[in-house]
Each structure stands twice: as C-alpha cells, then as structure tokens.
Amino acid sequence: MHEGTLALGDIGPFDLQATVESGQSYLWDRDDGRMYEGEGTSAGEAWYVTVVRPETEWALEDTHSGPEVVRVRQTSDSLQWEATFDADRTLRHRLRLADDLPAIRAATADEPLLGAAFDRYWGMRLVRDPPFETLISFICSAQMRVGRIFEMQRALADAFGESVTFDGDRYYAYPGPDALADATEAQLRDLGLGYRAPYVKRSAEMVAGGEAHPAEATDLAYEDARDSLTQFVGVGEKVADCVALFSLGFLEAVPLDTWIQSTIEEYFPDCDRGSYAETSRAIRQRLGDEYAGYAQTYLFHHLRNGGT
DNA sequence: TAGATACCTTATAG
DNA sequence: ACTATAAGGTATC
C-alpha cells in the first residue's frame with residue numbers, strides 16, 4: 001500500500017466533492033456507495049476511488065502495465081491518498097492541482113452569476129481525464145441525467161473492465177478500446193445505454209482499429225480540435241467540447257448543454273447567435289476567453305443545484 | 001446550410 | 001395507475 005498527503009496549503013483552494021461529482025468526470029466512485037445522490041448527501045471526508053492506467057497518462061515514463069487503484073479523501077487541511085502505486089503525480093495531473101484558481105477567477109468575467117458560482121463551490125477544479133474514457137463516457141451522456149451517467153460507466157467497467165484488487169476489494173478498470181469494440185450492441189444495450197450503444201461500439205472500433213484517437217486533437221487549435229473530435233460516432237459539437245475541456249486541456253471550451261443554453265437565454269441573450277459555433281464564440285468571449293471553460297463548469301454546477 | 005424528427009431508457013410530474 | 005415530459009444530444013433526412 002502506497003500512501004501520501006498533499007497539503008492544501010501548497011495546493012491552494014480545493015473541493016474534492018465538487019470536482020468529482022459535478023458532472024465533468026464519471027470515472028470516480030464514492031467509497032460509501034452513495035455517489036451522486038445530490039447536494040444534501042454529505043460527502044464529509046468520504047473516500048473517492050478510481051482505477052487508472054498510469055502508463056497511458058505518463059507516456060514518457062513509468063513502466064506500470066496493469067490497472068492501478070487510488071482512493072483519495074479531503075480532510076480539513078489536506079488531500080490524503082492510498083493506492084496500489086505511487087499516485088502523487090497522477091493525482092496532481094488528473095485533478096489539475098497546479099491550476100492557480102485565484103488567477104483563473106481573476107481572468108474570467110466579472111458577472112454576478114459567475115461570482116456566486118465561484119463563491120459557492122470555490123476550490124472546484126477542472127479534471128484532466130484520459131481521452132478515450134472521456135470520449136466514451138460523454139457519448140453516453142447524451143439525453144441522460146448525471147446520476148444515470150455515473151451508473152452507466154460503472155456498468156461498463158463491471159461488465160468489460162479488467163479487475164484489480166486493492167485492500168481486499170475488487171475494482172474494475174474502465175474498459176479499453178478493444179474491449180468495447182468487441183462488445184456486441186446487444187450487450188451494451190443490456191447495460192441500459194439505449195441508442196448510444198452502437199455509438200460507443202463504433203467509436204471504440206475507430207480507436208481500436210487505429211483509424212483515429214481522441215488524443216490526436218490535443219495539438220490542434222481549439223476549434224479545429226473540436227471539429228476533429230466530431231469524427232467519432234455519437235460525438236457532436238457539445239460532446240466534442242466536453243472532451244476538449246475535461247480531457248485535452250482546452251480551458252476555453254464551453255460545452256453548450258441545455259443548462260448553459262437556458263442560462264444564455266436568461267442572462268446573456270445577446271450571445272445567442274443561432275449556430276453552435278457562433279454562440280460558442282460569443283459566450284466564450286463573454287465569460288473570459290482563455291478560461292471560459294472553467295467559468296462554464298462553475299455555472300453548470302451552480303445552476304444545476306438550484307443557483308440563480 | 002438550416003430545420004425537423006426519431007431515438008433508448010429511466011425518473012418524475014401531472 | 002397511466003401518460004407526458006425531460007434528461008449535460010446526435011444522426012439522418
């Protein structure tokens with residue numbers, strides 16, 4: 001068992017529950033099994049656990065080959081973790097612990113609604129999840145409630161993921177491209193994916209067959225990256241923006257989901273330009289260009305939890 | 001190119 | 001109980 005502690009004094013403002021339960025990542029589970037039961041459910045100092053493949057996140061180094069388990073919880077003054085490997089760098093990377101939150105907030109728009117969102121969830125970070133996992137989980141997110149999206153990813157991992165034991169318990173890694181490409185549409189539908197089942201299978205086949213990989217968009221200019229990501233089946237502009245923002249590090253990406261669209265109607269009506277691309281540009285500029293995606297994520301979480 | 005419609009499944013409102 | 005509606009949309013026509 002590896003373990004470690006990250007002092008909040010070094011990291012800066014951080015909110016673990018908001019970060020992993022706000023609907024940007026569907027790859028973490030609360031250890032008490034009460035993942036995503038709403039705001040009122042106190043996460044307290046609950047542990048959150050996920051299975052990672054360090055070699056896919058650290059392509060340049062690290063020789064780990066199999067899946068590894070890491071769990072983390074937030075205490076009054078630190079982030080505490082336990083894992084099957086040395087998870088320090090992985091956590092810093094995936095939870096974007098190096099982000100300078102005060103500087104990011106200062107660089108976004110001085111709007112009352114946004115200020116309320118920042119105040120309410122101050123410390124929430126964007127995540128940096130692996131590209132394939134993000135691609136598939138957001139294909140699944142279409143017309144789905146956040147709580148059910150978590151369930152679907154859990155079902156996918158349980159059905160097709162590689163297992164690994166940690167501290168006496170069995171965990172399942174997120175299935176890779178090959179596993180999902182080999183799954184039948186019927187199997188995926190049985191997990192409750194509905195019409196998203198063939199999308200998941202076909203996109204997995206594209207990656208497994210070497211035809212394309214979501215990570216390839218990383219080096220493109222933002223809008224080119226978004227366009228490139230829509231080549232995957234089941235990926236339109238909104239899901240492409242989610243992959244760009246929550247995985248590839250395009251912090252200016254603003255996924256135009258139903259919540260943000262209604263927010264635009266109510267608070268920023270002049271930003272509604274008809275098309276996705278033009279409205280996207282307008283709201284991005286309004287929220288603060290380079291960190292507009294951070295602003296979007298705070299707004300989304302705030303509004304979805306009843307904020308006005 | 002812009003607009004309308006079908007699509008799986010589940011939960012909640014009426 | 002039963003139907004309508006909506007849920008972090010996309011593909012197709």
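Protein chains get the first letters and strands the later ones, always in sequence-line order, with residue 1 at the start of each.
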- Under the 6.0 Å and 45° cation-pi test, does Arg105(A) pair with Trp122(A)? yes
- Task: Would you jot down, in residue-number order, the residues of residues 182-194 of chain A having a non-hydrogen atom under 4.0 Å from DNA chain C?
- Result: none
- Message: In whole Å, I'd like the distance from the CZ atom of Arg196(A) to the C1' atom of dG8(C).
- Response: 11 Å
Without placing hydrogens or testing angles, list every side-chain donor-acceptor pair under 3.5 Å for residues 169-179 of chain A, not counting sequence neighbours.
from, atom 1, to, atom 2, distance (Å)
Arg170(A), NH1, Ser163(A), OG, 2.9
Tyr174(A), OH, Gln153(A), OE1, 2.6

- Charged N-O contact under 4.0 Å between Asp15(A) and Arg125(A): no
- Item | Arg286(A) with Asp270(A): basic N within carboxylate O range, under 4.0 Å | yes
- Query: Of the nucleotides dG9(C), dT9(B), dG8(C), which has the atom closest to the Arg148(A) side chain?
  - Reply: dT9(B)
- Item | Ring-ring centroid check Phe85(A) His2(A), cutoff 6.0 Å | no
- Note on the structure: Checking dG9(C), dT9(B), dG8(C) against the side chain of Met144(A) (C-beta onward), the nearest is dT9(B)
- Message: According to a hydrophobic-cluster definition based on side-chain heavy atoms being under 4.5 Å apart (Ile, Leu, Val, Met, Phe, Trp, Tyr only), do Leu91(A) and Phe14(A) belong together?
- Response: yes
- List the atom of Glu21(A), the atom of Tyr48(A), and the distance in Å for their closest heavy-atom pair. OE2-OH, 2.6 Å
- Item | Pairs flagged by side chain to side chain donor-acceptor pair (under 3.5 Å) wherever residues 239-250 of chain A is involved - sequence neighbours left out | Tyr222(A)-Asp241(A), Asp241(A)-Tyr276(A)
- Task: Rounded off to whole Å, could you give me the CD1-to-C1' distance for the Ile136(A) and dG9(C) pair?
- Result: 16 Å
- Message: Considering every strand and a 4.0 Å limit on heavy-atom distances, what is the contact class for Gln24(A): base, sugar-phosphate, or nothing?
- Response: base
- d(CZ, Arg145(A); P, dG9(C)) in whole Å: 11 Å
- Query: If we take the P atom in both dA1(C) and dT9(B), what is their distance in whole Å?
  - Reply: 23 Å
- Enter the distance from Tyr267(A):OH to Glu111(A):CD here, rounded to the nearest 0.5 Å. 11.0 Å
- Carboxylate-amine/guanidinium contact Glu278(A) Arg281(A), below 4.0 Å: yes
- Query: Dot-bracket for DNA chain C, 5' to 3', counting Watson-Crick or G-U wobble pairs under 3.5 Å, with [ ] for crossing pairs and | for inter-strand pairs?
  - Reply: .||||||.|||||
- Query: Looking across every strand, which nucleic acid part, if any, lies under 4.0 Å from Phe300(A) by heavy atom: base, sugar-phosphate, or nothing?
  - Reply: base
- Rounded to the nearest Å, what distance is computed from the CD atom of residue Glu151(A) to the C1' atom of nucleotide dT10(B)? 9 Å
- Does CZ belonging to Arg96(A) count more than 12 external heavy atoms closer than 6.0 Å? yes
- For the ring pair Phe232(A) and Tyr199(A), is the centre-to-centre distance below 6.0 Å? no
- Task: Please determine if a side-chain N or O atom of Gln143(A) lies less than 4.0 Å away from the OP1 or OP2 oxygen of dG9(C).
- Result: yes
- Considering all heavy atoms of both residues, which atom of Leu245(A) and which atom of Pro255(A) are nearest to each other, and what is their separation? CD2-CD, 3.8 Å
Taking N or O atoms only and anything under 3.5 Å, show me the protein contacts with nucleotides 11-13 of chain C, one pair per line.
from, atom 1, to, atom 2, distance (Å)
dA11(C), OP1, Gly234(A), N, 2.7
dA11(C), OP1, Val235(A), N, 3.4

- Drop me the distance from Arg189(A)'s CZ to Lys201(A)'s NZ, to the nearest 0.5 angstrom. 13.0 Å
- Item | Spacing of Leu256(A) atom CG relative to dG9(C) atom P, expressed in whole Å | 11 Å
- Specify the separation, in whole Å, of atom CZ of Phe150(A) and atom P of dT9(B). 22 Å
- Contact check, residues 257-277 of chain A vs DNA chain C, heavy-atom distance under 4.0 Å, returns Asp257(A), Thr258(A), Trp259(A)
- Atom NZ of Lys238(A) and atom P of dG9(C) are separated, to the nearest Å, by 6 Å
- Message: Between P on dA6(C) and OH on Tyr195(A), what's the gap in Å once rounded to a whole number?
- Response: 15 Å
